[in-house]
Amino acid sequence: PGECGRGMIAAMEHVRVHAIVLSGGAGRRLGGQAKSELVLGGHRLLELVLAGVEPLVSGTLVVVAGDDVRVPAGVQRTIEEPAGGGPLAGIGAGFSRLAPGQADLVVVAAVDTPAAGELATLLERALGEDGGKDGSVILGGRPQPFRQYLQALYRAPALARALDAVRADKGTLHHRAVWRALGALDLIDVPVPAELCRDLDTPEDLRWWRERLSGARPAGRRSDQAEG
């Protein structure tokens, strides 16, 4: 992507921005359909999330998903082993595919976050204004705002340190709490309206997002390519 579509940090030559998109979620309250396959604005939710974060990405874009999820060409795929280990294990699996440098950043986004692109832009802007922090995290939700660790931007060394600490303490990332592992990092809170960080868990959420995104289309380069 061109620099016109990227923020201040992402445009720096010595900084690469990677992204991990967690595509887990069986959508049990949505009829059992995989969340990545839900259609909003005529496009799969995974496509919308990838297209949203891609303008910031100058490094590797990886989706954590099983073989049953269609992933666009040019996007890497991985999955924690064994599968079903939870989001922290998914982050670990995705991170292992990045080979980031010491100055690099990592966007973490859950697939059930349709506004991932808007949130990533806010996260990048906040971190660019405070270079001493380990990352930035969305603060929002109901009934009271809380940290959304799967809507966040982390400095690669800090994220590696947090993952390694859990492995050293527990022996595995599987079924470990994300908030406990990543909450120890020195993060900038980025407050947003609850609607912007609203995830997609229920039929009501799906109706709400379909109305909001009516006519939306993914604009990312990779999302326009043939899928494998």
Side-chain angles (χ1 to χ4, degrees), residues 1 17-57 59-99 106-120 148-154 159 163 172-176 178 197-203 205-210 213 216-228:
V17 180
H18 311 274
I20 300 170
V21 175
L22 303 172
S23 188
R28 293 181 182 87
R29 287 182 284 175
L30 293 163
Q33 184 178 12
K35 290 184 179 181
S36 60
E37 303 305 304
L38 295 171
V39 176
L40 289 82
H43 298 274
R44 291 189 306 139
L45 182 53
L46 178 59
E47 295 172 346
L48 290 171
V49 172
L50 289 173
V53 301
E54 187 186 22
L56 287 177
V57 174
T60 301
L61 181 53
V62 58
V63 172
V64 180
D67 292 338
D68 56 331
V69 175
R70 291 176 294 140
V71 174
V75 177
Q76 293 194 32
R77 178 209 302 273
T78 191
I79 189 72
E80 71 274 12
E81 295 291 345
L88 189 65
I91 293 172
F95 191 82
S96 70
R97 300 293 296 269
L98 302 184
V106 182
V107 176
V108 171
V111 78
D112 63 352
T113 308
E118 295 175 71
L119 298 174
Q148 306 275 354
Y149 293 104
L150 304 185
Q151 301 171 5
L153 176 66
Y154 301 98
L159 183 55
L163 296 174
T172 180
L173 299 179
H174 277 57
H175 309 297
R176 303 301 172 187
V178 172
C197 65
R198 181 173 181 168
D199 56 14
L200 213 164
D201 286 326
T202 68
D205 295 330
L206 182 57
R207 286 192 296 270
W208 189 89
W209 275 110
R210 279 178 170 163
L213 298 177
R217 65 178 299 273
R221 181 184 68 251
R222 294 180 177 95
S223 299
D224 290 337
Q225 297 175 354
E227 296 181 348

Discussion item. Using side-chain heavy atoms (C-beta onward) and a distance below 4.5 Å, is K35 in contact with L46?
Written reply: no
Item to complete: Using a 4.5 Å cut-off on heavy atoms from C-beta on, say whether the side chain of V62 contacts that of V21.
Response: no
Practice prompt. Would you mind reporting whether L173 and E80 have side-chain heavy atoms less than 4.5 Å apart?
Written response: no
Fill in: Y149 versus Y154, closest heavy-atom pair with distance
O-OH, 2.8 Å
Practice prompt. Please round to the nearest 0.5 Å and tell me the distance separating atom CG of D199 and atom CG of D112.
Written response: 5.0 Å
Worksheet item: Closest heavy-atom contact between I20 and F95?
Response: CD1-N, 3.5 Å
Fill in: Exercise: identify the closest heavy-atom pair between L22 and G90
CD2-C, 3.7 Å
Fill in: Any donor-acceptor pair under 3.5 Å from R176 side chain to A89 backbone
no
Worksheet item: Are any non-hydrogen side-chain atoms of I91 and L159 less than 4.5 angstrom apart?
Response: yes
Response to the item:
What one should report as the nearest heavy-atom pair of V107 and A120 is CG1-CB, 4.5 Å
Item to complete: Please name the residue in the list L206, L213, L40, V39 that meets the side chain to side chain contact (heavy atoms under 4.5 Å, CB included) test with L45.
Response: L40
Practice prompt. Kindly give the heavy-atom pair with the smallest separation between V71 and Q76, and that separation in Å.
Written response: CG1-O, 4.3 Å
Discussion item. Quick check for you: to the nearest 0.5 Å, what is the distance between Q148 atom CD and L119 atom CG?
Written reply: 8.5 Å
Worksheet entry | Distance in Å, R44 CZ paired with L50 CG, rounded so as to fall on 0.5 Å steps | 8.5 Å
Practice prompt. List the atom of V69, the atom of S23, and the distance in Å for their closest heavy-atom pair.
Written response: CG1-OG, 3.9 Å
Worksheet item: Is the closest side-chain heavy-atom distance between L48 and P114 below 4.5 Å?
Response: no
Worksheet item: For the side chain to side chain contact (heavy atoms under 4.5 Å, CB included) test, which of L98, V53, L61 pairs with H18?
Response: L98
Worksheet entry | Derivation and outcome, side chain to side chain contact (heavy atoms under 4.5 Å, CB included), residues E37 and R70 | CA-CA 9 Å; E37 303 305 304; R70 291 176 294 140; 3.3 Å; yes
Item to complete: Could you tell me whether the side chain of P82 reaches within less than 4.5 Å of the side chain of H174, counting heavy atoms only?
Response: yes
